[in-house]
Protein chains: 2
Amino acid sequence: MLRLSKLADYAVVVLVRLSHHGGEVTTSPTLAQATGVPEPTVAKVLKALCAAGLVASQRGARGGYRLARPLHAIPVAAVIVAIDGPISLTACVDGATGGCEAQETCPVRGRWDPVNEAIRAALTRITLDQMDLPSCGGVRDFDKADRPGMMPGAAILAAE
Amino acid sequence: MLRLSKLADYAVVVLVRLSHHGGEVTTSPTLAQATGVPEPTVAKVLKALCAAGLVASQRGARGGYRLARPLHAIPVAAVIVAIDGPISLTACVDGATGGCEAQETCPVRGRWDPVNEAIRAALTRITLDQMDLPSCGGVRDFDKADRPGMMPGAAILAAE
DNA sequence: CATAAACAGGACCGAGTGGGTCCTGTTGAA
DNA sequence: TTCAACAGGACCCACTCGGTCCTGTTTATG
């Protein structure tokens, strides 16, 4: 399984989209329309990204958001961390207060660490500019955009 | 977030435990007791692992399970795939029938692929023997084993 | 041959959590 | 002064995963 949260997926979509607007401040309604993601959700994502310092916000009328750094300076890991928190496979690893019931029996205690590290490294290595489709450079607007279906990324790290 | 299913975690625990019994067939109740994981759950996990060919089963009285291959020949990825299915971050990637509502607008369509590949590679590189604690070679029995808390691996790829 | 132990493979139910919406401030340009 | 837009909560519904159980089928053992 190993699923990625939808929100994180949306975040990537929004960020990439935002990059298409150059350094211009863009409102969340605008981004919502452009991406097809419901506006309240876009707003939620942007707030989290803003808190994480990935985007900068301009309040008040004529406000909006813009990228705080270029796409190539934003690793996927940063986005995921901003939306979903620290990247690790098991709760055992980080904090893990409350301890483990099978703390004594568990044969792999703390052994997910290398796995976590590997994934973390992989996600840090890939930046957002690598996720922007070169084939559809800039803004891409198809004939129409209102067919039923699913959202942007679906976000299931495993399908099954 | 990026959480790993608990079942997959249990699977690793069970497999590592199974390796401590050499080539001997071991019953699921025995493994359940040894790992602290509830028996029905252990059975469920073992069935999946058996179907995936990671363990071999011996039916009938005096039956049980044993490893089909040594630990170092079992990558973590194989365990996860056996329990949770194909490893990928978004549903967009594999199949993804039903299409994407924002298929047309989505700026990152199909672009999770490199991320998925990276993770897949990382999980394939690590084998189960690397998750067995060398410090507690073989069977490890602490003084006591009944403190309240959580299960073996908890299994949350992100905590948050 | 009868019995029981153990796997096979489903169906099933409840809890936890994430997705999505909404509401009330606060900021700042026009 | 007004209104557009962000800030930052609270809140609810739906989905999925974890865990249990039940009914076969297989096969040592007495």
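Chain letters run A, B, ... following the sequence lines, proteins first and then strands; every chain starts at 1. Basis for what follows: all heavy atoms, side chains included, without hydrogens, waters or symmetry-related copies.
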A:Ile87 pairs by side chain to side chain contact (heavy atoms under 4.5 Å, CB included) with which of A:Thr124, A:Val81, A:Asn116?
A:Val81
Among B:Asp9, B:Val55, B:Leu46, B:Val79, find the residue that satisfies the side chain to side chain contact (heavy atoms under 4.5 Å, CB included) test when tested with B:Val14.
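Single pass found, and it is B:Leu46.
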Start with the C-alpha distance between B:Tyr65 and B:Leu49, add both sets of side-chain angles, then the distance that settles side-chain contact (heavy atoms from CB on, under 4.5 Å), and finish with yes or no.
CA-CA 10 Å; B:Tyr65 296 91; B:Leu49 293 176; over 6 Å; no
Ignoring backbone atoms, establish whether [X] has a side-chain N or O less than 4.0 Å from OP1 or OP2 of [N].
| X | N | result |
| --- | --- | --- |
| B:Thr41 | D:dT20 | yes |
| B:Ser57 | C:dA6 | no |
| B:Tyr10 | D:dG19 | yes |
| B:Thr27 | C:dA5 | no |

Of all the nucleotides listed (D:dC6, C:dG19, C:dC7), which has the minimum atom distance to the side chain of B:Pro29?
C:dC7
Restricting to side-chain hydrogen bond (donor to acceptor under 3.5 Å, both in side chains), what partner residues turn up for [X], sequence neighbours left out?
| X | value |
| --- | --- |
| B:Thr41 | none |
| A:Thr26 | none |
| B:Thr30 | B:Thr27 |
| A:Glu24 | none |

Please state how far atom [atom1] in [X] lies from atom [atom2] in [N], giving the value in whole angstrom units.
| X | N | atom1 | atom2 | result |
| --- | --- | --- | --- | --- |
| A:Leu7 | D:dC15 | CG | P | 17 Å |
| A:Leu4 | C:dG18 | CG | P | 12 Å |
| B:Glu24 | C:dA6 | CD | P | 15 Å |
| B:Gln33 | C:dA6 | CD | P | 13 Å |
| B:Lys6 | D:dT16 | NZ | P | 18 Å |
| B:Leu46 | C:dA8 | CG | C1' | 12 Å |
| B:Glu39 | D:dC22 | CD | C1' | 13 Å |

Give me, pair by pair, the N or O atoms of the protein and of nucleotides 8-12 of chain D that are less than 3.5 Å apart, along with how far apart they are.
| from | atom 1 | to | atom 2 | distance (Å) |
| --- | --- | --- | --- | --- |
| D:dG8 | N7 | A:Lys47 | NZ | 2.6 |
| D:dG8 | O6 | A:Lys47 | NZ | 3.2 |

Please check this pair: side chain of A:Arg17 against backbone of A:Leu31, looking for a donor-acceptor N/O pair closer than 3.5 Å.
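No, A:Arg17 side chain to A:Leu31 backbone: no donor-acceptor pair under 3.5 Å.
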Partners meeting side chain to side chain contact (heavy atoms under 4.5 Å, CB included) with [X] (sequence neighbours left out):
| X | result |
| --- | --- |
| B:Arg66 | B:Val25, B:Ala56 |
| A:Ala52 | A:Leu54, A:Ala82 |
| A:Ala73 | A:Arg69, A:Pro70 |

Below 3.5 Å is the cut-off: list the nitrogen or oxygen pairs between protein and nucleotides 28-30 of chain D, distance only.
none

Closer to the 5' end of DNA chain C via nearest nucleotide, is it B:Tyr65 or A:Ala8?
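Looking at the nearest nucleotide for each, B:Tyr65 comes out on the 5' side.
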Suppose we screen for salt bridge (Lys or Arg N to Asp or Glu O under 4.0 Å). Which residues come up paired with A:Glu39, at least two apart in sequence or across chains?
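Here no residue qualifies.
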Can you run through DNA chain C from 5' to 3' and write each base as (, ), [, ], | or . depending on how it pairs? Watson-Crick or G-U wobble, both distances under 3.5 Å.
||||||||||||||||||||||||||||||
